[in-house]
Amino acid sequence: MTSPGPRTASSPRAGLPGPGERRREIETRIRRLHALANRGLWGLAIFILISIGAQRNFSFIPEISPEIRALLGPSPPIKLISIALAVYAFSALILILSRMMSGSNSYRGWSHLGYLSAFYAFYYYGEALQQNFWAVFAAGITILGLEYYQIWTHCAEALRKEKQLLASLGTPSDA
Amino acid sequence: MLRSLTAKAVVPVASAVTGFVIVCCLLLYSFIQGDLVDGAIQREVSLADTIIKSTHYSMLKSDRESLRHTISHIGRQQGVEHVRIFNKKGLIMFSADPAEVNREVDTRAAGCVECHAGPEPSASLGPMEQARRFTNEQGRHVLAITAPIFNEPGCSSGGCHFHLPEQKLLGTLDIGLSEEPLRETLATLRGRMALFCLMVLLLSVGGVCALLRRNVLLPIRELVGYANALRAGETQPLPPEGCEEIETLGRAYQELNRRLRQTTAELEKARDKGADRAGNPLPGEPPAP
C-alpha cells in the first residue's frame with residue numbers, strides 16, 4: 001500500500017471526484033491504515049501465544065517418536081542455533097531501523113513470526129528449549145515490538161494527514 | 001508524547017539496543033551454564049574413575065570391609081550427596097548410606113534408563129549421557145553420574161572369586177555431588193551479567209540521549225526561540241550558532257525578516273506618500289474625496 005501524501009481540498013472540477021466521493025476514498029484509506037496498524041498487534045499477540053506453548057515445552061503436542069527422529073536425523077548443535085539466533089536478531093534489528101529511517105510502510109512481522117517459531121522448533125527438537133526459551137522470547141518481543149512501533153508511527157502520521165484532509169473537506173452537509 | 005522528537009529518536013534505538021543486549025546476555029548465560037555443567041560432569045567422571053581405580057584392588061581381593069570403609073569415607077566428604085556401588089542385577093552392594101544396602105535399584109529411574117532403554121542394556125555411554133540432574137529427598141539439587149565397572153582379565157581369572165570372561169559389566173558406581181556450588185557460581189554470574197547489561201544500556205541509551213540533546217534538540221530549541229523573537233517583533237535578535245544546518249536556517253529567517261521589514265517600511269512610506277498627496281494635491285490634480 002502506498003503512503004498517502006498531503007492533499008489539498010479543491011473545488012470539484014470536470015474529471016475530478018466530488019467532495020462526497022473524496023470523503024469516501026479518505027474514509028476507506030483511514031480504515032486501511034487502522035487495519036495496517038493493527039497488524040503489528042496481531043503479530044505480537046500470535047507470538048505471545050506461541051511463546052506460551054513453548055514455555056510449556058509444547059506439552060500439548062505429541063512427543064517426537066524415535067522413528068521420526070531417526071528420519072529427521074540429529075538436531076544441529078545447540079551452540080550453532082544460539083549463534084544463528086544472535087545473528088538473526090542483529091540483522092533483523094538493523095533492517096527494521098533502516099526501514100524506519102527510510103520511512104517505509106511495509107510490515108515484515110509475519111516472516112519474523114515464522115523465523116522465531118522455527119527457532120523454538122529447533123530448540124525443541126534439540127531438547128534445549130527450556131534453557132533458551134527466554135532468549136528467543138526476548139528476541140521476538142524486541143523484533144516484533146519494533147516492527148509494531150515502526151508501522152504504528154507510520155500509520156499514525158498518515159492517519160493524521162488523512163484526518164486533516166477530511167476536516168478540510170468540511171462536514172457532509174457542507175458538500 | 002510519542003510525537004516529540006526525543007521520543008521518536010530514542011524509543012527505537014533504546015528498544016533495539018535493550019532487546020539485543022538482553023538476547024545476547026541470555027544466550028551467553030546459556031553458553032556459560034552449559035560449559036560449567038559440562039565441566040562439572042567431566043570432573044565427576046574423573047572422580048568416579050579415581051574411585052573405581054582406587055577400589056580396584058579391594059574389589060579384586062573381594063575385601064568387602066575395606067571397600068565399605070572407602071565408600072563410607074568418600075560419602076562423608078563435603079558436597080558428596082550419595083555414593084553407591086550396585087551389581088549387574090541392580091542390587092546396591094555398598095553405599096555411604098547403610099540403609100540403602102541390599103535395596104534394588106529401579107532400572108527405569110533416571111541414571112539407569114539411559115542404558116536400560118532397549119531390550120539389551122547398553123554398556124557404553126558418553127560422559128554427558130551418564131550424567132543426571134535431580135532434586136533428592138532432602139530437597140538438595142544433585143548432579144550425579146553412573147560409571148560402569150567393567151570386567152577385566154584379573155577379575156575373571158582371580159582365585160578368590162570369579163566372573164565369567166564373557167561378562168562385560170560387573171557393576172556400576174553411582175556418585176552424586178551437590179549442585180549448590182555450581183548454582184552459587186551461576187547466581188553470581190547472573191547478577192554480574194544483569195549489572196553489565198544495565199551499564200551497557202545506560203551508556204548506550206544515555207549516550208544517544210545526551211548527543212541528541214546537545215546536537216539536535218538544544219539548537220532546535222534555540223531556533224524556535226529565535227523564530228518566536230522575530231514574530232514578537234524584536235528588531236535584532238541573534239540567530240543561533242553551533243550547528244551548520246541550524247545556522248543556515250537561522251540566517252534564512254533573519255534574511256526573510258529583514259526583507260519583510262524592508263517591504264513593510266516601503267509600503268508604509270508609499271502609504272504616507274499617498275496620504276500626503278491626498279492632503280496636498282499637486283497642481284492640476286483633483287483633491288481626494
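Lettering of chains follows the sequences in order, A, B, ..., and the numbering in each one begins at 1.
- In terms of heavy atoms, B:Val37 sits closest to B:Arg133 at CG2-NH1, 3.7 Å.
- Centroid-to-centroid, the aromatic rings of A:Tyr148 and A:Tyr107 stay 6.0 Å apart or farther.
- Here the closest heavy-atom approach between residue B:Ser204 and residue B:Val17 is recorded as OG-CG1, 3.2 Å.
- Within 6.0 Å of atom CZ in A:Arg56, 12 or fewer heavy atoms from other residues, nucleotides or ligands are found, so the atom counts as exposed in its surroundings.
- For the 3.5 Å distance criterion, the side chains of A:Tyr123 and A:Ser75 fail to qualify, holding no donor opposite an acceptor.
- Proximity to chain A at a heavy-atom threshold of 4.5 Å picks out nothing from residues 246-253 of chain B.
- Here the closest heavy-atom approach between residue A:Val136 and residue A:Phe119 is recorded as CG1-CB, 4.1 Å.
- Interface summary for chain B: among A:Ile141, A:Leu93, A:Ile94, A:Ile96, the most heavy-atom pairs under 4.5 angstrom belong to A:Leu93.
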